[in-house]
Amino acid sequence: MSDLAAQAAGYHAEAERLRHAGDPERALVRQRRAVALWRELGQPAPLAHAMRHIADILIEAGRANEASEPIAEMLGLYRQANDAPPLDVANALRSAAVHAEEIGDGDSAEAFWLQARQRYAALDALFEQMTGRPGNPGVEEADRRINALRG
């Protein structure tokens, strides 16, 4: 890992710590620094991952209207990144679905949830390994949200 990549990873880790501590503004600053470094390094998968976290922070802070550009860029980057981990792609589709719900676009939300569900369903073994028990929380959430959207 290069020095810039290590620095970007450090900014991302600090952003996540601040996010979970309830400090979205400072988390955004750190995550934007990570984005700038990943952009400079020209690595689409980690850049897309960092963009997803910017969008998630904005959505969680009640600023979903500001998350449209990061969501669009993230989705475009994941389309280009052949080396993106499957869970990251599923999580990106989840973020797009949550964003669509938050801005009142139920049709897009359902479409993104269906895509996310399909991606999550392929990861049953990974979830079992991560949690130590059977079940797939990604599929469960997608099913719940799709059912709610369909009323």
Side-chain angles (χ1 to χ4, degrees), residues 8-9 11-36 38-39 42-151:
Y11 281 134
H12 171 73
E14 178 68 5
E16 284 300 285
R17 186 190 67 73
L18 290 165
R19 175 183 174 189
H20 294 294
D23 191 348
E25 293 308 315
R26 289 178 54 211
L28 279 170
V29 169
R30 300 304 190 286
Q31 197 63 43
R32 286 181 172 134
R33 288 178 181 166
V35 162
W38 288 122
R39 198 178 302 285
Q43 296 183 2
L47 175 57
H49 183 84
M51 292 301 294
R52 177 175 66 84
H53 283 272
I54 284 178
D56 290 346
I57 293 166
L58 290 167
I59 292 165
E60 290 166 9
R63 297 164 52 187
N65 58 323
E66 296 175 49
S68 297
E69 285 184 32
I71 291 284
E73 183 175 356
M74 167 201 69
L75 292 172
L77 287 163
Y78 274 125
R79 284 185 199 101
Q80 296 172 15
N82 297 325
D83 61 339
L87 181 58
D88 283 2
V89 176
N91 286 338
L93 292 165
R94 178 197 180 279
S95 291
V98 170
H99 173 256
E101 282 185 66
E102 290 294 317
I103 63 170
D105 184 354
D107 291 340
S108 293
E110 183 176 347
F112 282 125
W113 276 120
L114 288 167
Q115 291 175 58
R117 187 197 188 288
Q118 180 181 9
R119 299 285 183 137
Y120 283 131
L123 301 173
D124 283 345
L126 176 64
F127 279 113
E128 189 168 338
Q129 179 184 5
M130 288 169 49
T131 64
R133 58 184 189 276
N136 186 321
V139 168
E140 293 165 11
E141 180 186 21
D143 285 345
R144 197 171 51 254
R145 303 289 279 261
I146 291 165
N147 288 334
L149 285 165
R150 290 179 177 171

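Quick note: residue numbers are just sequence positions, from 1.
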Enquirer: Are Arg33 and Val29 side-chain neighbours, meaning at least one heavy-atom pair lies under 4.5 Å?
Expert: yes

Enquirer: Rounded to the nearest 0.5 Å, what separation is found between the OH atom of Tyr78 and the CG atom of Leu47?
Expert: 9.5 Å

Enquirer: Would you mind checking if Arg19 and Asp23 are paired as a salt bridge, meaning a charged N to carboxylate O distance below 4.0 Å?
Expert: no

Enquirer: For Arg145, is the CZ atom crowded, meaning more than 12 foreign heavy atoms sit under 6.0 Å from it?
Expert: yes

Enquirer: For a quick test of reading the model, state the closest non-hydrogen atom pair linking Gly135 to Glu140 and the distance between them.
Expert: CA-OE2, 4.1 Å

Enquirer: Enter the distance from Tyr120:OH to Asn91:CG here, rounded to the nearest 0.5 Å.
Expert: 3.5 Å

Enquirer: Take atom CG in Asn147; do more than 12 heavy atoms of anything else shown fall under 6.0 Å from it?
Expert: yes

Enquirer: In terms of side-chain heavy atoms, does Trp113 have a donor or acceptor partner in Glu101 at a distance below 3.5 Å?
Expert: yes

Enquirer: Are the side chains of His49 and Trp38 in contact, using a 4.5 Å heavy-atom criterion?
Expert: no

Enquirer: Ignoring hydrogens, what is the shortest heavy-atom contact between Ala45 and Ala84? Give both atom names and the distance.
Expert: CB-CA, 4.2 Å

Enquirer: Under the side-chain contact (heavy atoms from CB on, under 4.5 Å) test against Gln31, which residue among Ile54, Leu18, Leu58, Asp56 passes?
Expert: Ile54

Enquirer: Measure the spacing between CG of Asp143 and CZ of Arg117 and express it to the nearest 0.5 Å.
Expert: 4.0 Å

Enquirer: Throw together a table of side-chain donor-acceptor distances under 3.5 angstrom for residues 122-130, partners on residues two or more places apart or in other chains.
Expert:
residue : atom : partner : partner atom : Å
Asp124  : OD1  : Asn136  : ND2          : 2.7

Enquirer: If I compare all heavy atoms of Ala116 with all of Leu93, which pair ends up nearest, and what's the gap?
Expert: CB-CB, 3.8 Å

Enquirer: Measuring from atom CZ of Arg17 to atom CZ of Arg30, what distance do you get when rounded to the nearest 0.5 angstrom?
Expert: 8.0 Å

Enquirer: To the nearest 0.5 Å, how far apart are CD in Glu60 and CD in Glu102?
Expert: 10.0 Å

Enquirer: Is the shortest heavy-atom distance from the side chain of His12 to the side chain of His53 under 4.5 Å?
Expert: yes

Enquirer: Under a 4.0 Å N-O cut-off, is there an ion pair linking Arg39 with Glu73?
Expert: yes

Enquirer: Mark yes when over 12 heavy atoms from residues, nucleotides or ligands other than Glu69 sit less than 6.0 Å from its CD; otherwise mark no.
Expert: no

Enquirer: Search all heavy atoms of Ala96 against all heavy atoms of Leu75 and return the closest pair with its distance.
Expert: CB-CD1, 4.1 Å

Enquirer: Taking C-beta and beyond as the side chain, do Arg63 and Ile59 meet within less than 4.5 Å on heavy atoms?
Expert: no

Enquirer: Salt bridge or not for Arg94 and Glu141, using N-O below 4.0 Å?
Expert: yes

Enquirer: Starting at CG of Leu28, measure out to CD of Glu66 and round the result to the nearest 0.5 Å.
Expert: 8.5 Å

Enquirer: Above 12 or not: heavy atoms from other molecules or residues under 6.0 Å from CG of Asp83?
Expert: yes

Enquirer: Using every non-hydrogen atom in the two residues, find where Ala50 and Val35 come nearest and quote the distance to one decimal.
Expert: CB-CG2, 3.6 Å

Enquirer: For Pro70 and Ala55, which heavy atoms make the closest approach, and how far apart are they?
Expert: CB-CB, 4.1 Å

Enquirer: Counting distance only, does the side-chain N/O of His99 pair as donor-acceptor with the main-chain N or O of Ala64 below 3.5 Å?
Expert: yes

